[in-house]
Amino acid sequence: MAEEIILLDYWASMFGMRTRIALEEKGVKYEYREEDLSNKSPLLLEMNPIHKKIPVLIHKGKPICESIIQVQYIDELWPDTNPILPSDPYQRAQARFWADYIDKKTYVPCKSLWSETGEKQEAAKMEFIEVLKTLDSELGDKSFFGGNEFGLVDIAFIGFYSWFRTYEEVANLLTIVEKFPKLISWAQRCLKRESVAKTLPDSDKVLKSISDHRKTVLGID
Amino acid sequence: MATEDVKLIGSWASVFVMRAKIALHLKSISYEFLQETFGSKSELLLKSNPVHKKMPVLIHADKPVCESNIIVQYIDEAWNSSGPSILPSHPYDRAIARFWAAYIDDQWFISLRSILTAQGEEEKKASIAQVEERTELLEKAFNDCSKGKPFFNGDHIGYLDIALGSFLGWWRVVELDANHKFLDETKTPSLAKWAERFCDDPAVKPIMPEITKLAEFARKLFPKPQA
């Protein structure tokens, strides 16, 4: 079964983490292939010619692109183990809405948080704080975004947790821990799941990698 | 099911609202259409979609569902025993349909709209070229997805047909505005034929807005700068 599923990914990608978590949740064996984003493999370019981005899930030679689409695909293929989407249509719509919200609202500012400086970075900070506020409010006193069960929206956002320390350091985004205790408890709860603990990289490793990249590639001190 | 309380907040001119309407028609669901006033947002809209404050919003038994593609999937799932299936049945085909629907919204539509908002001829030309390129990809996607059948979804219109087909009115308006044909028998033979079939579909025909009305609305939305 392992050779039937290949995942082209990058270790620190919060998007790739979604797909890895979903595969782990289902107990599905797969081959992980690390991509060098500065030198993308011919396979990546062949399998995702439109966006040329990771993650790319290749199942029996056929590519599936876009992380939330991959997670739903995995959930539909293995519906009986640890369901990721709820069964109720309204709850499913809510889960998709919030996963879509996270995608729409984080992609641009989160990149700017670590790749920009000055005004652009400040603007990105404001945007990201708004996202955290909204998600914090949506989570409320629930254990997970969907209620009592770990699901799509948790998978959509948890990867960002491994980047919080990086954002705090590099963007001077003070204490996500202090400002959003509910989100932090939620993240800790998610980390108790083996799929998440296995997948999320060490926060300090992410910080070091980004700090190095800022210095050597972007020329930012 | 027909007596269930279904409302749709939207506007006659909106592509995204049209997606929800088509899905409701496909499933023969009766609903109350709440037309938003141009230039302002109703209390109900703001209350039902506090995050994005946008239409369409489907309100089913007082519970709001937002985002057109999510609404279409919801309609398919909540009324799964009525009418044809909107999403393809195989998980791989669903993933491909979702991928292209996202591409249409995130890339294709953005370049289409930029034709209307372009400042000057150079910008317009560049936007036109981009739409040409992206439409070529959709032509290929159609051939791959339809596998020789009349629609992206096969024998009947489905999720991806709805995602792209809802744009056909506006697409025609842009073609007229730019004096440039994107959909034609030589450049996009498959899509050109598909467009006709889509517009003729009984779930679509009664709700496709008139091009002249849309063009007039476009002039209001995208006023031309004074010479």
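Between atom CG of residue B:D105 and atom NZ of residue A:K104 there is a gap of 7.5 Å, rounded to the nearest 0.5 Å. Remark: A:Q94 CD to B:Y74 OH distance equals 9.5 Å, nearest 0.5 Å. Interatomic distance, A:Q72 CD to B:Q73 CD, rounded to the nearest 0.5 Å: 6.0 Å. The distance from the NZ atom of B:K63 to the CD atom of A:Q91 is 6.5 Å, given to the nearest 0.5 Å.
Of the two parts of B:I71, neither the backbone nor the side chain holds a non-hydrogen atom closer than 4.5 Å to a non-hydrogen atom of chain A. At a 4.5 Å heavy-atom cutoff, the contact between A:R92 and chain B is made by side-chain atoms alone. Neither the backbone nor the side chain of A:Q70 comes within contact range of chain B; no heavy atom of the residue lies under 4.5 Å from a heavy atom of that chain. For B:H90, no part lies near chain A; criterion is any non-hydrogen pair under 4.5 Å. Heavy-atom distances place both the backbone and the side chain of A:P63 under 4.5 Å from chain B. Contacts of B:R98 with chain A are made by both backbone and side-chain atoms, with heavy-atom separations under 4.5 Å. Only the side chain of A:I50 comes within contact range of chain B, with heavy atoms under 4.5 Å apart.
The neighbour count for A:K120 NZ, taken as heavy atoms of other residues, nucleotides or ligands under 6.0 Å away, does not exceed 12. Within a 6.0 Å sphere centred on NZ of B:K54, other residues, nucleotides and ligands contribute 12 heavy atoms or fewer. Within 6.0 Å of OH on A:Y107 lie no more than 12 heavy atoms contributed by other residues, nucleotides or ligands. Atom NE2 of B:H156 sits in a sparse spot, with 12 or fewer heavy atoms from other residues, nucleotides or ligands closer than 6.0 Å. No more than 12 heavy atoms of other residues, nucleotides or ligands sit less than 6.0 Å from atom CD of A:E194. Annotation: A:K111, atom NZ; neighbour count of heavy atoms from other residues, nucleotides and ligands within 6.0 Å does not exceed 12. Enclosure of atom NZ in B:K140 is not indicated, since only 12 or fewer non-hydrogen atoms of other residues, nucleotides or ligands lie within 6.0 angstrom. Annotation: B:Q35, atom CD; neighbour count of heavy atoms from other residues, nucleotides and ligands within 6.0 Å is above 12.
Ring geometry for B:Y103 against A:H51 counts as tilted: the plane angle lies between 30° and 60°, on a 0 to 90° scale. In this pair, B:H52 and A:Y101 present their aromatic rings tilted. The plane angle is within the 30 to 60° band.
Nearest heavy atom pair, residue B:A95 against residue A:I69, reads O-CG2, 3.6 Å. Of all non-hydrogen atoms in B:V65 and A:A93, the two that sit nearest each other are CG1-CB, 3.8 Å. Nearest heavy-atom pair across A:F97 and B:C66 is CE1-CB, 3.7 Å. Of all heavy-atom pairs spanning A:C65 and B:F99, the tightest one is CB-CE1, 3.8 Å.
Counting heavy-atom pairs closer than 4.5 Å to chain B, the top-ranked of the candidates A:K105, A:E76, A:E66 is A:E76.
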